[in-house]
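The structure appears below as structure tokens.
The figures that follow rest on heavy atoms only: side chains count, while hydrogens, waters and symmetry mates do not. Atoms within a ligand are numbered from 1 in the order they appear, just like the ligands themselves. Along the sequence shown, residues are numbered consecutively beginning with 1.
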Amino acid sequence: MGLIDELNALEARAHNLIEGAGDAAALEAARVALLGKKGEITSVMHMMGKVAPEERPVLGKRANELRRMAESLLERRGKGLRREAMAALIGAEAVDVTLPGARPTLGHEHLINQIRHEIEDVFCAIGYTVEAGPEVETSWYNFTALNAPMDHPSRSARDTFYVVDNAPGSVTHPEEHAAGESDVLLRTQTSGTQVHIMEHQKPPIYAIVPGAVYRPDTADACHLPQFHQVEGLVVDEGITFGDLKGTLDYFARAMFGPERKTRYRPHFFPFTEPSCELDVSCHVCGGKGCSFCKHSGWIEILGCGMVDPNVLINCGVDPERYTGFAFGIGVERVAALRYDLPDLRTLMTGDMRFLAQF
Ligand code: DAH
């Protein structure tokens, strides 16, 4: 086989090698095999010296053609491979911006917190501070300092969750409290924070305290073992029952509507004297009587009263100089009244079909 035939065969090989290269590495290997220092085309160029002088122009021209052809094939295949790689990348990373997005579900405040914040807003608007107190309390704060007698039934383990039980109700004098001997319990009411506030703050005091309270009740439509209250405490010079009425009338109308009537019904709480419960005229029937208000025309919304002087004394406040009033609002109760909730347990189960309504 003459040299010219060899060159033709080499040309065919070069075509196969370059066009068959499937990726950049294979193409580089083809370049080295053909045009590298020891490549086949390079070797042909080097052989020219040994060729007979009369054959040289023809073979030299053919060899040069072959080299240029290989170079241009390499370049074309290189471009092709880069285009293919880009197309594959675009295909793999493609995002169809016209597809509908996955909408993240936005959460919102739980109904209990909505009501709690609404109550805070009503009182903050008239200058009250918002305070917090411990949920794990001693019997001193939850009962004794609040003037609850030693034999008050709510002290029993039936009505109070005791955490550390030093014979419930046995250790309740101020000196024993000071010695750290009080029973430890989960607070049954936010009223104990009245004591904490008066211990840390000199009057004038205008404060509310929202928070969770606990009672050993089995959950049913009207009871929850954990629920929420907002305590209110005012202690200042010259505070009268008129101040209590004016403040709570304002609250009742802010929460339940400007046309609500109010009624203060005598009641008993150990820590207030006199004590009462506040009723508002039924917002369903306007006070005429309906099934919602059990045909009375009134709905009970909170307990309140003038702070008992014994409580002031227990907290180191001079009852000759200061008077005050206190109140306790049930947050679940307000929610139930506002939305006519048939079962309080729905507030605790986390069922979004229920909660998303509010
Ligand atoms: N602590 C009472 C309860 O849990 C509610 C209450 C009544 C709070 C009268 C008060 C008050 O501050 O003055 O039933």
Review point. Tyr141 and Glu199: side-chain hydrogen bond (donor to acceptor under 3.5 Å, both in side chains), yes or no, with the steps?
Key: CA-CA 11 Å; Tyr141 288 98; Glu199 275 179 356; 2.8 Å; yes
**Study point:** Derivation of the side-chain hydrogen bond (donor to acceptor under 3.5 Å, both in side chains) call for Asn8 and Arg62
**Key:** CA-CA 9 Å; Asn8 288 342; Arg62 182 78 182 99; 2.8 Å; yes
Practice item. Could you give me the CA-CA distance, side-chain angles and deciding distance for Asp217 and Arg215, then say whether salt bridge (charged side-chain N to carboxylate O under 4.0 Å, His left out) is met? Key: CA-CA 6 Å; Asp217 287 324; Arg215 290 181 197 178; 5.8 Å; no
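With sequence neighbours excluded, no residue forms a side chain to side chain donor-acceptor pair (under 3.5 Å) with Thr247.
A salt bridge is defined here as a Lys NZ or Arg NE, NH1 or NH2 lying under 4.0 Å from an Asp or Glu carboxylate O, and Asp279 with Arg265 meets this definition.
Sorted by chain and number, the residues within 4.0 Å of ligand 1 by heavy atom are Gln189, Ser191, Gln194, Arg215, Gln229, Glu231, Phe269, Phe271, Thr272, Gly303, Cys304, Gly305, Ala326, Phe327, Gly328.
With contacts defined as side-chain heavy-atom distances shorter than 4.5 Å, the pair Leu34/Ile18 qualifies.
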